[in-house]
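Working notes, beginning with the structure itself.
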Amino acid sequence: MSMGPIKISLYGMDERSQKMMKLFLQGPCRNKATIVKEHLAEVDLIDADLVSSPAALELRIAQYPSRPVIVLSVREIVLDNVVYLQKPVQLEAMLNAIEQVRQAISVQSHCQESTDINQTKFQDNKSPVFLDKSMYKTEGKKQGLDFSECKKVNKHKTAILLSESNYSNYVGVSPEINYNDQVQWITAYYRPEAYFLGIVQSVVSESRQKNNTLQLKFKDVSFVLFPKTNEIWCDVDNEHLKALASKELDHSDFQEYEITTLALAESLFNGNDIAMDKFWDMDALLWMLACWTSKGRFPDFLVYDQPIFLKSWPNFTRLLNTPHALQIAALLIERPRILANIIKVLNIDAQYVFVFISAACAVGLAGQAERNEDLLVEPPEVQQNNRRILLNQLVQKLNEN
């Protein structure tokens, strides 16, 4: 089999999600896969959490029953001839999945007796597992694809892509900071613990550590956290959340929240008609709260002149895309850098770097680098090459749309 890029067709994705996936495959994945039309594809890739995904997957299985499928979802998908990847997809996991389907296609091409790839088994402990397709059927079983997901509108919304022109209206600004004065950059920080973001982060951490459903009540706002599915049910709209996230809390505010555990939280849902459109992806909500809280500042636990690392590529198809977020992520994926260096190399406003770092820290994707080698020398200037020029053009095209 050719060692060139795997040919992938995309199903169940809107135009913006397709562009995001194309950028991810061409940039961080180093062209290990390329997107083609369905009749030219060797592999299909489906976002299983979208409303149109069940129909897209059913159609794909009917038309191309022997073609491998990569399925992305926050929940495990158990299907025959399917490679499952948990969202948000990490770079290493995607590269591993591409290699797995490459092996599957190679075995299939050499098998003269049968083209049924379901007979192929992989022994790598980290490899996705191909299991019974009957989990997709609707008769009397727990579904591999949960059709109630279709009603969770907020959770499955395509990410909002902000430009420099609409950034300040949506995220907000810190009027006390003059970003044209580099001296003020070092003071452009905030304390997450002094905002509603800090409360939510604390409850999310507790819920995940104990793997328990928790309910958070703060004044007139109610949240229910489901760590097993990485979801938050929230009974307020975006404008209310933004106002709540933007305001620094005082001592009396911290007396007005309470946390209840599984038994009491469950009562909120038992026997009630639940507004399914109020479910959020947990990380997407944390990311957005962090942007509204930051307003172009970085969290105070980061040392300004010490390098920042990015653990993995963010799931930009679901996370609020602030200006230049893709460029910042691509730079930090290469190696840790200090904040001033990111601003200098990309030649962008400091507030866009600070708000991205704030959001990435809020979901655990970014933090302070502590390795000696990261502190030894300043990273070199980024050298332009054909691949990076192409990536920049794609980012610019995406922003224009």
If I compare all heavy atoms of [X] with all of [Y], which pair ends up nearest, and what's the gap?
X: Ser312; Y: Leu365; value: OG-CD2, 3.3 Å
X: Val203; Y: Leu214; value: O-CD1, 4.0 Å
X: Lys7; Y: Leu40; value: CD-O, 3.5 Å
X: Leu25; Y: Ala33; value: CB-O, 3.8 Å
X: Ala290; Y: Ser358; value: CB-O, 3.8 Å
X: Val171; Y: Cys291; value: CG1-O, 3.3 Å

Using ring-ring contact (aromatic ring centres under 6.0 Å, His included) as the criterion, list what pairs up with [X], not counting sequence neighbours.
X: Phe196; result: Phe218, Phe223
X: Phe309; result: none
X: Tyr167; result: Tyr352

With sequence neighbours left out, what residues match [X] under side-chain hydrogen bond (donor to acceptor under 3.5 Å, both in side chains)?
X: Ser9; answer: Asp44
X: Glu248; answer: none
X: Gln86; answer: none
X: Gln368; answer: none

State, with a plain yes or no, whether a side-chain heavy atom of [X] is found less than 4.5 Å away from one of [Y].
X: Arg297; Y: Glu176; answer: yes
X: Val200; Y: Leu286; answer: yes
X: Arg318; Y: Asp47; answer: yes

Where the side chain of [X] meets the backbone of [Y], is there a donor-acceptor pair that is under 3.5 Å apart?
X: Ser174; Y: Lys295; result: yes
X: Trp287; Y: Leu320; result: yes
X: Asp283; Y: Val363; result: no
X: Glu42; Y: Ile6; result: no

Looking at residues at least two apart in the chain, or sitting in another chain, which of them share a salt bridge (Lys or Arg N to Asp or Glu O under 4.0 Å) with [X]?
X: Lys219; value: Asp253
X: Lys228; value: none
X: Glu164; value: none
X: Lys217; value: none

Flag if over 12 foreign heavy atoms under 6.0 Å of [atom1], [X]:
X: Tyr189; atom1: OH; answer: no
X: Gln18; atom1: CD; answer: yes
X: Asn347; atom1: CG; answer: no
X: Lys32; atom1: NZ; answer: no

Gap between atom [atom2] of [Y] and atom [atom1] of [X] - 0.5 Å precision:
X: Gln327; Y: Leu332; atom1: CD; atom2: CG; value: 12.0 Å
X: Leu162; Y: Asn321; atom1: CG; atom2: CG; value: 7.5 Å
X: His324; Y: Ile342; atom1: NE2; atom2: CD1; value: 13.5 Å
X: Cys234; Y: Asn238; atom1: SG; atom2: CG; value: 8.5 Å
X: Ile232; Y: Leu225; atom1: CD1; atom2: CG; value: 4.5 Å

* Fit a plane to each ring of Tyr195 and Tyr190, take the angle between them on a 0 to 90° scale, and name the class: parallel (under 30°), tilted (30 to 60°) or perpendicular (over 60°). => perpendicular
Next item on the list: Could you check whether the rings of Phe354 and Phe298 sit parallel, tilted or perpendicular, using 30° and 60° as the cut-offs?
Entry: perpendicular
Ignoring hydrogens and angles, state whether a donor on the side chain of Ser205 or Gln201 is under 3.5 Å from an acceptor on the partner side chain. no
Those residues at least two apart in sequence (or on a different chain) that pass side-chain contact (heavy atoms from CB on, under 4.5 Å) with Asp237 are Glu239, His240
- Worked check of salt bridge (Lys or Arg N to Asp or Glu O under 4.0 Å) between Asp349 and Lys344: CA-CA 9 Å; Asp349 286 353; Lys344 176 185 175 183; over 6 Å; no
